[in-house]
Amino acid sequence: MKKILNKGLTNLLSLSLIGIICQSSIPNKPLTTTDEKVEALLAKMTLAEKIGQLNMYNGTWEFTGPVPNDKNSKQKLDDIKAGKVGGMLNVLTAEGTREAQKLAVENSRLKIPLIFGYDVIHGYKTMMPVPLAQAASWDINIARLGAEVAARESAAAGLHWTFAPMIDVSRDARWGRIMEGAGEDPYLTSQIGKAWIEGFQGKDLSSEKTIAACAKHFAGYGFAEAGRDYNTVDVSENTLMNVILPPFKVAAEAGVATFMNSFNDLNGVPATGNELLQRQLLKGDWGFKGAVVSDWGSIGEMITHGFALDSLAAAQYAIKAGSDMDMESNIYVNYLEKLVKSGKVSEKLIDDAARRILKLKFDLGLFDDPYRYSNVEREKKELLSAENLKAARQVAQGTMVLLKNENNLLPIQKSVKKIALIGELAAHKDVPLGNWRAQANPNSAVSLKEGIEAALAPDQKLTYAEGYKLTEGKRTFINELTFTNPNDKSGFAEAVKIATTADLVIMAIGEDCYQTGEGRSQANVELKGNQLELFNQISKVNKNVVIVLMTGRPVAIPTVAEKAPAILQAWFGGSEAGHATADVLFGKYNPSGKLPVSFPRNTGQLPLYYNQKNTGRPKTNDFDTGLVFWSHYTDMPNTPQWCFGFGLSYTTFEYKNLNVQTAPKKATVTVEVTNTGKYKGKETVQLYIRDLDATIVQPIKRLVAFQQINLEVGQTQKVQFELTEAELGFYHADRKFYAESGLFEVMVGTNSEQVVKKSVDIQF
Ligand code: NOJ
């Protein structure tokens, strides 16, 4: 199959296709709306053909799940020709997709085009920073731009559909997939998720520059117990409705074309077979008209969960629950017909699922031209274009979070002449690409070293030493990572030597990018290998150490946090990572990122999140008197190392004159923000609220809005927010959303800890 799908192809357009779908069942009445076209087509389809639309196969040479039996390849080809396949994933390139498409439209009876999906998570060829980093920009335009470029490249390479964005809220840095989402907060995740959807889909799905998006994983996947991927999820109704689901509701409202369900069981029911989630909430209450795809093999995994006895039962539960498309379980294609014939599943359910998938294909314009996205010329022009790389640098600049900057060590001044750069990660051209890197060319990122070299003034000199080595062996999406022996200190002497004589040391530490992503959970989020030991040695010989932290998750680095005078969180910054990081280090870009997730001091604090509840025994003056009977650890503070929303700038901002004007059912909040420092800068003004006496205990604070402002030195801007029921309300036990009258605390600030606040009474 690989060979066949990759070979060069003719450019044949299936003209007969247009004929088939444009005939109305009522003679002489042309079909105008998409719905009419879908219905006309459905009416012509046999049960087997309709079920075919619900079947998605892997392209068989690129695997993003357990590797299936390759002997199936021939069967898959025959199935495509027989109209038993609706879509494929991991079929790549303009040429490859064209070839696979040809199998369907030139052989199957109704010539219905295939839809091609792929995990375009943060870029296709040009890599953007990983999603968590993009969320750190708190910038809708930046997140949208990242997705827009990814869509343009993918659409030119024959793809119609990305399995992104992942909008799973996660409070657990152990979970490797925290890298793929927008962090711990439902509101930030909703806003960034919406921007990603807009970026992928644009205003017109049929444009050759856009692709369909997929809100995943529905639902609860980010709450895997103990942060272990695929693990069970057991959460309250309150957490489900108010923390996990809001980003998905916003995605549905934003017009996301598809949803993907998730591997986990949610309170005992696998998400794939979860009727409450998919049928009642998503397709019922929220009125979602798009298609729901299963996760890889997740219909089959319901048997392993112990929820379905066999494939027949799994098919029955999944289709009833509202899973429209079967990704790589081979279960719908083999069992649904039998279920309909035996009366266990109504054909109406099959129609409903097929209708959603056909509609998507119409919306994408595939019935007008099934090869429209598979354009070799456009692919050549679009991939890694100068414009896309420029966007990647711009996006990456906005994602950098300055965590510490004692004595204004940064930005690097012209007077700094000798710079020592240390760390394997500093010269790495592969790690910055991140995991889930689609078709990125290996080792194609601008390394930090290259970025710094390009940014140096003529009289500034850079020396480099590797110092430590982090991982060894095969580093790929599919291989388990092997860490280097921590006792290998062969590179230390050279690193210490260059640090000793330097004016300034830049040390890159963090993670291999394959430490994060699917199946990459860790029981410990501290630094691996001997990075810390080398840091300790370096900081003994030079006090001016700037740490560049490259990670896809929050890491616990208490020693570094205490000793290093400057720390910049640079994430996995994508193709242009090195340039963007250097732009910040040398002051070409004033950092503006804010953490989308709390950074712990210690793994044992996890799950850790700012929007916690107060408990009956918080840290108050009453309890903070040396007595033990309050909610705390005896060996560690409760607080994170860096809180949600935290991020410094080279300038400083002052917040004053908070004013909250109330009226029935609403309030107007104003605050004055002044740039009190020496650089112009961008600030994210964050608005938090607390409902002080609710029928369901509310978090001590909850982000409900934010605004970004650009201030010149000395400039003051008045920022205004409106608070309505949408911000002040929450879901109650009856799943109804409303606000309760009473006292609210209104807090505005530069991060979730440093706020100015006022209490007001608001009546609903
Ligand atoms: C499994 C992952 O959970 C999902 O996010 C991804 O889209 C599919 N595999 C397809 O690769």
Side-chain angles (χ1 to χ4, degrees), residues 55-68 86-92 115-124 130-132 147 150 154 159-170 175-182 189 193 196-197 200 211-224 227-233 247-248 251 256-266 270-272 291-302 304-305 323-330 434-440 476-478 514 516-521 552:
N55 182 27
M56 169 174 263
Y57 279 151
N58 185 48
T60 78
W61 64 91
E62 163 133 347
F63 299 104
T64 50
V67 178
M88 298 192 76
L89 76 154
N90 300 338
V91 178
L92 297 172
I115 183 169
F116 297 117
Y118 191 45
D119 291 286
V120 183
I121 306 299
H122 55 108
Y124 178 77
V130 294
L132 188 64
S154 322
L159 296 169
H160 313 136
W161 182 20
T162 175
F163 303 128
M166 189 193 94
I167 46 174
D168 296 306
V169 168
S170 177
W175 190 49
R177 297 195 82 168
I178 198 167
M179 174 275 289
E180 271 181 71
T189 302
W196 281 329
I197 291 162
F200 285 130
I211 52 178
C214 181
K216 72 186 188 184
H217 304 85
F218 198 59
Y221 189 43
F223 275 68
R228 209 181 68 220
D229 208 3
Y230 316 123
N231 204 2
T232 196
V233 175
F248 288 100
V256 72
T258 67
F259 266 59
M260 182 186 291
N261 54 37
S262 55
F263 290 125
N264 56 282
D265 80 274
L266 177 69
T272 309
V292 178
V293 63
S294 82
D295 203 342
W296 178 295
S298 68
I299 296 180
E301 286 181 17
M302 289 201 292
T304 326
H305 274 290
S323 296
D324 299 314
M325 199 170 207
D326 172 2
M327 182 196 289
E328 196 53 28
S329 271
N330 295 4
N435 199 350
W436 273 128
R437 55 174 58 184
Q439 288 300 291
T476 69
F477 176 77
I478 208 153
Y514 291 115
T516 65
E518 188 176 349
R520 261 57 190 221
S521 293

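Ligands are counted one by one from 1 in listed order, and the atoms in each one are counted from 1 as well. Numbering of residues begins at 1 and proceeds along the displayed sequence.
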Does the pair Met260 and Met327 meet the rule for a side chain to side chain contact (heavy atoms under 4.5 Å, CB included), with working shown?
CA-CA 10 Å; Met260 182 186 291; Met327 182 196 289; 3.7 Å; yes

Applying a strict 4.0 Å limit to heavy atoms, is Tyr118 in contact with ligand 1?
no

Using a 4.0 Å cutoff against the non-hydrogen atoms of Phe163, which atoms of ligand 1 qualify?
7 (O)

Would you say His217 has any N or O atom under 3.5 Å from an N or O of ligand 1, going by distance alone?
yes

Does an N or O from Trp436, backbone or side chain, lie closer than 3.5 Å to an N or O of ligand 1?
no

With Asp265 as partner, the option from Asn231, Thr232, Thr272 fulfilling side chain to side chain contact (heavy atoms under 4.5 Å, CB included) is Thr232

Quick one: look at Leu89 and ligand 1, take heavy-atom pairs under 4.0 Å, and tell me if it's side chain, backbone, both or neither.
side chain

Looking only at heavy atoms, which two atoms of Asp119 and Lys216 are closest? And how far apart?
OD1-NZ, 3.3 Å

Taking Ala213's backbone N and O only, do any of them form a donor-acceptor pair with Thr258's side chain (distance below 3.5 Å, no angle check)?
yes

Contact check, Arg177 vs ligand 1, heavy-atom distance below 4.0 Å:
yes

If you count the atoms of ligand 1 from 1 in the order shown, which ones are under 4.0 Å from a heavy atom of Trp296?
9 (N)

At less than 4.0 angstrom from any non-hydrogen atom of Met260, what atoms of ligand 1 do you find?
4 (C), 7 (O)

Do the ring centers of Trp436 and Phe477 come within less than 6.0 Å of each other?
yes

Does Ser521 have any side chain to side chain contact (heavy atoms under 4.5 Å, CB included) partners at least two apart in sequence or in another chain, and if so, which?
Trp175, Asp229

Below the 3.5 angstrom mark, is there an N/O of Asp119, backbone or side chain, next to an N/O of ligand 1?
yes

Shortest non-hydrogen contact from Met88 toward Asn58
CE-O, 3.8 Å

Atoms of ligand 1 less than 4.0 Å from Asp295 heavy atoms?
1 (C), 2 (C), 3 (O), 4 (C), 6 (C), 8 (C), 9 (N)

So does Gly297 get a backbone contact from the side chain of Asn330, meaning a donor-acceptor N/O pair under 3.5 Å?
no

Lys216 contact mode with ligand 1 (heavy-atom cut-off under 4.0 Å)
side chain

